[in-house]
Amino acid sequence: MSKIKNEPKITFSLIQAVRGQMEQRAQWLYLLCDEAGKRGLDWWDVGSSAVKRCGLAQGKALVEKGGTKSLTGLRKTLFTRPAQWMFEMDVKRCDDDHLDIDFHYCPLVKGWQKMGCTDDEIALLCDIAMCGDRGIGEQYGCVLDLPSTIAKGDDCCRLRYHR
């Protein structure tokens with residue numbers, strides 16, 4: 001039985017529809033990694049570098065859009081109110097050098113659960129997906145720590161960006 005608890009509290013139809021699109025993208029990541037594995041390639045080796053490239057590009061665009069490397073700028077450009085609804089986020093701390101956010105729901109995990117992924121696969125896929133967030137942080141001159149994740153059975157994902 002799965003140790004992962006991942007049920008949304010916000011269930012408005014529009015939010016559910018957008019989450020469905022996010023779930024589909026998570027399913028793409030699983031299927032790409034699964035196909036790579038069938039060809040003898042390691043999921044981490046293939047997935048982490050590709051997703052990190054995406055995060056670096058996204059982070060560069062966010063820095064340019066916001067005009068700053070302050071983490072308050074990252075919160076304003078990436079962790080907007082709609083994004084907060086999708087992941088049921090609580091911003092715990094935000095200043096120029098720190099951004100602490102707790103995520104209480106993850107549509108990516110839900111997508112992997114719908115595909116029938118094991119808990120171990122979900123944990124690995126989450127680690128791969130978080131390479132994008134690490135790439136974003138790198139563009140802001142920061143490090144991302146993940147003291148807990150829903151994908152590993154914790155009650156929430158705790159993202160901690162810091163300089």
Side-chain angles (χ1 to χ4, degrees), residues 4 6 8-10 12 14-30 32-33 36 41-112 122-163:
I4 299 171
N6 185 45
K9 289 185 176 65
I10 300 171
F12 301 117
L14 178 60
I15 290 173
Q16 292 292 74
V18 174
R19 284 177 176 160
Q21 294 173 342
M22 297 171 91
E23 289 173 14
Q24 183 185 42
R25 280 146 185 86
Q27 292 167 351
W28 290 350
L29 178 60
Y30 163 70
L32 286 166
C33 288
L41 302 171
D42 182 83
W43 287 22
W44 177 259
D45 289 343
V46 172
S48 63
S49 57
V51 173
K52 173 102 180 258
R53 284 175 53 201
C54 183
L56 288 167
Q58 184 180 13
K60 181 179 179 195
L62 289 168
V63 167
E64 290 170 0
K65 177 181 179 182
T68 179
K69 288 196 175 188
S70 165
L71 291 177
T72 59
L74 176 59
R75 198 220 38 86
K76 289 176 186 174
T77 55
L78 183 61
F79 299 108
T80 61
R81 179 68 59 199
Q84 290 177 32
W85 293 332
M86 295 305 122
F87 290 88
E88 301 186 8
M89 296 178 202
D90 290 323
V91 177
K92 298 296 192 180
R93 177 181 181 188
C94 183
D95 59 44
D96 289 342
D97 298 317
H98 302 90
L99 178 55
D100 299 350
I101 305 176
D102 291 354
F103 289 52
H104 298 281
Y105 176 75
C106 183
L108 288 86
V109 168
K110 184 57 73 179
W112 299 322
I122 291 171
L124 177 57
L125 289 162
C126 173
D127 285 343
I128 291 169
M130 294 309 298
C131 289
D133 297 274
R134 287 184 183 94
I136 291 168
E138 191 173 310
Q139 293 289 22
Y140 278 82
C142 296
V143 173
L144 172 63
D145 292 324
L146 295 166
S148 67
T149 64
I150 292 168
K152 292 181 181 166
D154 297 308
D155 64 329
C156 71
C157 294
R158 289 177 176 82
L159 279 71
R160 304 296 186 250
Y161 286 98
H162 59 90
R163 262 183 248 289

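For the numbers below, each heavy atom of this structure counts, side chains included, while hydrogens, waters and symmetry mates do not. In what follows, residues are counted from 1 in the order of the sequence shown.
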**Report entry** Criterion side-chain contact (heavy atoms from CB on, under 4.5 Å) on K9 and E88, from CA distance to verdict
**Finding:** CA-CA 8 Å; K9 289 185 176 65; E88 301 186 8; 3.5 Å; yes

Report task. Tell me, with the steps shown, if C131 and W44 meet side-chain contact (heavy atoms from CB on, under 4.5 Å). Result -> CA-CA 10 Å; C131 289; W44 177 259; 3.6 Å; yes

Practice problem: Please assess F79 against L99 for the test side-chain contact (heavy atoms from CB on, under 4.5 Å), listing each intermediate value before the final yes or no. | Solution: CA-CA 10 Å; F79 299 108; L99 178 55; 3.8 Å; yes

- Task: Verify salt bridge (charged side-chain N to carboxylate O under 4.0 Å, His left out) between R163 and D97, making sure each step is shown before the conclusion.
- Result: CA-CA 5 Å; R163 262 183 248 289; D97 298 317; 2.6 Å; yes

- Item | Check against side-chain contact (heavy atoms from CB on, under 4.5 Å), Q84 and R81 | CA-CA 5 Å; Q84 290 177 32; R81 179 68 59 199; 3.2 Å; yes

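T77 OG1 to E64 CD: the interatomic distance, rounded to the nearest 0.5 Å, is 11.5 Å. Note: Y161 OH to D100 CG = 11.5 Å, rounded to the nearest 0.5 Å. Separating the NZ atom in K152 from the CG atom in L146 is a distance of 7.5 Å, to the nearest 0.5 Å. Note that CG of D95 and CZ of R75 are 12.0 Å apart. Values are rounded to the nearest 0.5 Å. Note: D102 CG to M89 CE = 11.0 Å, rounded to the nearest 0.5 Å. K76 contributes atom NZ, which lies 11.5 Å from atom CG of L74 (distance to the nearest 0.5 angstrom).
Between R19 and W85 the shortest heavy-atom distance is NH2-O, 3.0 Å. Considering all non-hydrogen atoms of both residues, L108 and A129 come closest at CD2-CB, 4.2 Å. Counting all heavy atoms, side chain and backbone alike, L56 lies closest to G135 at CD2-O, 3.5 Å. What you find for D42 and D45 is that their closest heavy atoms are OD2-N, 3.0 Å. Here the closest heavy-atom approach between residue I150 and residue C157 is recorded as N-SG, 3.2 Å. Residues S148 and R158 come closest through the heavy atom pair OG-NH1, 2.7 Å.
Of the listed residues (H162, R93, K92), just one forms a side-chain hydrogen bond (donor to acceptor under 3.5 Å, both in side chains) with H98, and that residue is R93.
Remark: side-chain polar atoms of W43 are not paired, donor with acceptor, to backbone N or O of A36 under 3.5 angstrom. For the pair Q58 (side chain) and G132 (backbone), a donor-acceptor distance under 3.5 Å is absent. Side chain of R160 to backbone of I101: a donor-acceptor contact under 3.5 angstrom is found. Judged by distance alone, with hydrogens and angles left aside, the side-chain atoms of N6 form a donor-acceptor pair with the main-chain N or O of C106 at under 3.5 Å.
By the neighbour-count criterion of 12 heavy atoms within 6.0 Å, atom CZ of R25 is densely surrounded, having more than that number from other residues, nucleotides or ligands.
Residues L62 and Q139 fail the side-chain proximity criterion, which asks for heavy atoms closer than 4.5 Å.
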